[in-house]
Amino acid sequence: MSVRVRFAPSPTGSLHIGSVRTTLYNYFMARQNEGGTLILRIEDTDQDRLVPGAIDSIYDGLHWMGIRWDEGPREGGPFGPYVQSERLPIYQEHAARLVADGAAYFCFCTRERLTQMRAAQQARGEITRYDRLCRSIPPAEAAQRADSEPHVVRLKVPEDGTIAIDDLVYGHVEWPLRSIEDQVLLKSDGFPTYQLAVVIDDHVMEISHVFRGEEWLPSTPKHLLVYRAFGWDVPPHAHLPNVLGPDGKKLAKRHGATKVEEFRKEGYLPEAMTNYLALIGWSPGTEEEIFTLDELVQRWRIDHVQKAGGKWDRDRLNHFNGLWIRRLSDDELLRRLDPFLPSKWDRTLVRRVAPLIKERMQTLAEAKEQIAFLFTDRLEHDRSILVPKKREPHETVTALSRVTVALRFLDPFTEERIEQAIAAVATDVGWSVRDLTIAMRAAITGRKVGPPLYGSIVLLGKERTLERLEAAQELIG
RNA sequence: GGCCCGGUCGCCUAGCGGUCUAGGGCGCUUCCCUUUCAAGGAAGAGGUCAUGGGUUCGAAUCCCAUCCGGGCUACCA
């Protein structure tokens, strides 16, 4: 049997990092198996929580990551439609079949009664769960009332016994049936609940493996019961440990950025996101940890997936991002940098500085301020950094003026010659090269740190370099 | 409260009964390189493997209990 896996987000917001990680694992599974198929299914059965644009966000984010799938709302496929709200008749027919078989029943309890019931149960210190009132209504009577009264369909859960699954990552997990209530399968608005829809869709779409977040493990017995009610085989399940915030709780908005879109805008590379994310909850079992998407497809194995949740670590992400930036070719770096730089900046010049800052960035967004001095005619000097520590203003002016003179008649104006000139001036005025370059950097770039000085001077050009050195002298003096 | 899951350096993790005096990476510290900052190289601090009992010749690895953390407990997904 061929591998068919799916990722099934709810369009309730923009693409979350956690669901990307789940998607990644499904992607690995699909691609590492000959003829494997990856399916996108939109689970929009809760009409109240729909967020416009969410589907676009899913497509944009995943495509940016380099993830492609085979069947989905926009790609089509033999098992469509792939949006649950367009599959209502399928769920309704199946629910009706369960009622006809006596595996499920109509429930007419109002929300008011349900809340009262729960309050009463709570007051008595009991477990809050549906009291199965409507379960005893004779089927014929129930069917008749269903024609005119608002109702839901509930599953008849056996009173006793246990139900279990052998999860691919958590192993054997077992639940007592009395801890499970007669769950709602079909809501009064005719929409299925998640519990009904997943099971039907996974079966009907011939999903071979269910990989989903750990938070679904507790509701797995409910799904198992639905499979059983239909008489269907249960495909292998794997629950994936969650991505956690620093406090150990599921990663959420209050922990900072959680959406793919945000990381993209902050200048993270999809390569880094993929590499880093794949390593939360999985490891190759060796000491390697730098992987491309394709390498991950080759290496990833479900049996190396961790049980415990993993915390999101920005420092580690930054490390991977810097690493992947350094691996970019100069041309590619230029291409990635483009959206982060003002369009009026001369790309030829950008192309020449980019290599100088390649190993000085953890995110693409950091490039701009590091090279901004090259793209302005009027530099804002920071007076406080112009004079190196332990040096006097007057001697700094002297040093800078000597450098100015030395550079003015330098020809050719190359890095090598500049270096020689600076070394000579340093010896001359009795300064270390270090101090001299500190003063020069402040004078020329207006900053304390930046790309290598000599290269920067060449790129800036003799004229602008001299202007800035002179301006700095005036400012100090 | 009930049900379920988890627990190896601050963080991501290796480890599947002996090779563990617990390995790697991030972060941190120090040094080297050096025109700043990085990058790179080297070294180091950091773990009584949550705790307590077993089982075993031998346990981070198996079992039990406890503690702590998390998830679920909706006509949400």
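Under the side-chain contact (heavy atoms from CB on, under 4.5 Å) criterion, Arg352(A) pairs with Val458(A), Leu459(A), not counting sequence neighbours.
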Expected rows: protein N/O vs nucleotides 67-69 of chain B N/O, under 3.5 Å:
none

Between protein and nucleic acid, restricted to nucleotides 73-75 of chain B and to nitrogen or oxygen atoms under 3.5 Å apart, what atom pairs and distances do you find?
residue	atom	partner	partner atom	Å
rC75(B)	OP1	Arg118(A)	NH2	3.4
rC75(B)	O2'	Arg111(A)	NH2	3.2
rC75(B)	O2	Ser188(A)	N	2.8
rC75(B)	O2	Ser188(A)	OG	2.8
rC75(B)	N3	Ser188(A)	OG	3.0
rC75(B)	N4	Cys109(A)	O	3.4

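Comparing the P positions of rG15(B) and rA50(B) gives an interatomic distance of 16 Å, to the nearest angstrom. rA45(B) and rA60(B): their C1' atoms are spaced 23 Å apart (whole Å). Nucleotides rU51(B) and rC11(B) place their P atoms 15 Å apart, quoted to the nearest Å.
Between the CD1 atom of Ile280(A) and the P atom of rG6(B) there is a distance of 19 Å, rounded to whole Å. Across the protein-nucleic acid pair, Ile55(A) atom CD1 and rA77(B) atom C1' stand 15 Å apart, rounded to whole Å. Between the CD1 atom of Ile17(A) and the P atom of rC12(B) there is a distance of 16 Å, rounded to whole Å. Computed from coordinates, the Gln306(A) CD to rG70(B) C1' distance equals 15 Å when rounded to whole Å. When the P atom of rG71(B) is taken as reference, atom CG of Leu240(A) falls 17 Å away, rounded to whole Å. Rounded to whole Å, the distance from CG on Asp303(A) to P on rC16(B) is 13 Å.
Not one side-chain nitrogen or oxygen of His304(A) sits closer than 4.0 Å to the OP1 or OP2 atom of rC16(B).
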Requested in this report: Between protein and nucleotides 21-43 of chain B, map the contacts as a letter string: B base, S sugar-phosphate only, - none, heavy atoms under 4.0 Å, written 5' to 3'.
Outcome: --SSBSS-------BBBBSS---
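Sorted by first and then second residue, the pairs that involve residues 145-165 of chain A and meet side chain to side chain donor-acceptor pair (under 3.5 Å), not counting sequence neighbours, are Arg132(A)-Glu159(A), Arg145(A)-Glu149(A). Legend: salt bridge (Lys or Arg N to Asp or Glu O under 4.0 Å) pairs involving residues 279-293 of chain A, not counting sequence neighbours, sorted by first then second residue: Glu288(A)-Arg299(A), Glu289(A)-Arg316(A).
The shortest distance between side-chain heavy atoms of Leu98(A) and Tyr105(A) does not fall below 4.5 Å. Proximity of Lys249(A) to Arg254(A): side-chain heavy atoms (C-beta onward) are separated by under 4.5 Å at one or more points.
Side-chain N/O atoms of Gln183(A) and Gln195(A) include no donor and acceptor closer than 3.5 Å. No side-chain donor from either of His94(A) and Gln92(A) sits under 3.5 Å from a side-chain acceptor of the other. Between the side chains of Asn242(A) and Glu215(A), at least one donor N or O sits under 3.5 Å from an acceptor N or O. A donor and an acceptor atom, one from each side chain of His255(A) and Asp247(A), are located under 3.5 Å apart.
Across all strands shown, Thr220(A) has no heavy atoms under 4.0 Å from either base or sugar-phosphate atoms. The residue Lys358(A) sits apart from the nucleic acid: no heavy atom pair falls under 4.0 Å.
Ring pair Trp216(A)/His223(A) is tilted by interplanar angle, where 30° to 60° counts as tilted.
With hydrogens and angles ignored, the 3.5 Å screen pairs a side-chain donor or acceptor of Thr23(A) with a backbone N or O of Ser19(A).
Nucleotides of RNA chain B nearest to Glu174(A) and Gly309(A) differ in position, and the one nearer the 5' end is that of Glu174(A).
Each of Arg21(A), Arg212(A), Glu214(A) was compared with Leu240(A) under the side chain to side chain contact (heavy atoms under 4.5 Å, CB included) criterion, and only Arg21(A) meets it.
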